[in-house]
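Have a look at the structure below before the remarks.
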Amino acid sequence: MHHAIDGIVRDSPQGKGLGALVLGRSARQPEFSSVEKNILRQSLPYLAHAMHPPETPDVDHFAAELADSGQKGLVILTQRAEVAYISARAREILLLAAHPGAPAEGGNGKGAAHVPPAILRVFANLVLISQGSDAAPPVAQCDSPLGRFIFRAHWLDPVSDSASAMIGVTVQLQEPLVLLMTRNMQAEGLSDKQKELCLLLARNHSFAAIAAQLHISLATAKDYADRVYRKLDVHTREGALRKLSRP
């Protein structure tokens, strides 16, 4: 590029920069005219709008987003697919996977555990792979109203062809991000209005949109955000959302 013009794309006229648009021409081409520079400047708000399209009523990506719940357990199987060990946390997660309405503390760590088909599937895939056969990766997932259950199989012993080699299957629960954030907001003692504001921030709404949604002034919306930042001991929207998304 011998000649170049650029413009900063912002989420509002004086707001945060979303990126830069740069146009260039070679030395054999003419320089950009003032008219062309003005056209670029007038185009920037349309680019900002395209980068943040309005949410459609039938698709809420935030509501569908999943996050690590911090819940993870281990199941150990023999090569005959018999359960040799199951951790208490794995038992709880498997209970939730089989019965979504059951309480998380329903497992007492005793008695035979139900082994879901997904565990047997990743177990079989791992064995096939170790035998040199074609098989899908030893990873599976199951979705439920509670979130997503992920199963990963791996050899616990370095020599997988040993008759006594054990296979470990980690079981992990990912839950809806909105549920994780709601629980963390409750623990942080946020008010109902502050919780609403945080959920709108997570949906990437501007403060102007938040003010309209909550029927408050723009100044009040920003004041609510400042109060939330102080409670969470952070300084930015990104810092608040990062803290509220931790398991």
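We're numbering straight along the sequence, starting at 1.
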Same cluster (ILVMFWY, side-chain, under 4.5 Å), Ile8 and Leu47: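 Different clusters: Ile8 never reaches Leu47 through Ile, Leu, Val, Met, Phe, Trp or Tyr contacts under 4.5 Å.
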Is atom [atom1] of [X] surrounded by more than 12 heavy atoms (other residues, nucleotides or ligands) closer than 6.0 Å?
X      : atom1 : answer
His154 : NE2   : yes
Asn38  : CG    : yes
Gln213 : CD    : no
Asp233 : CG    : no
Gln186 : CD    : no
Lys222 : NZ    : no

Backbone N/O of Leu173 and side chain of Ser69: donor-acceptor pair under 3.5 Å: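 Side chain of Ser69 to backbone of Leu173, a donor-acceptor pair under 3.5 Å: yes, one is there.
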Shortest non-hydrogen separation from [X] to [Y] and the atoms involved:
X      : Y      : value
Cys198 : Met185 : CB-SD, 3.5 Å
Phe151 : Val122 : O-CG1, 3.8 Å
Ile210 : Ala221 : CG2-CB, 4.4 Å
Lys193 : Tyr224 : CB-CE1, 4.0 Å

Residue among Arg148, Arg152, Gln141, Arg89 satisfying side-chain hydrogen bond (donor to acceptor under 3.5 Å, both in side chains) with Gln172: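 Of the listed options, the one satisfying the test is Arg152.
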Within 45° cone and under 6.0 Å: Arg237 NZ/CZ vs Phe207 ring: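 Judged by the rule, Arg237 and Phe207 form a cation-pi pair.
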Check: residues 239-247 side-chain donor-acceptor pairs under 3.5 Å, at least two apart:
residue: Lys243; atom: NZ; partner: Leu232; partner atom: O; Å: 2.6
residue: Ser245; atom: OG; partner: Leu241; partner atom: O; Å: 2.7

Side-chain touch Val169/Leu74, heavy atoms, less than 4.5 angstrom: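 In short, these two side chains do not touch, never coming nearer than 4.5 Å.
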N-O pairing of Arg230 and Asp226 below 4.0 Å: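 No, no charged N to carboxylate O under 4.0 Å.
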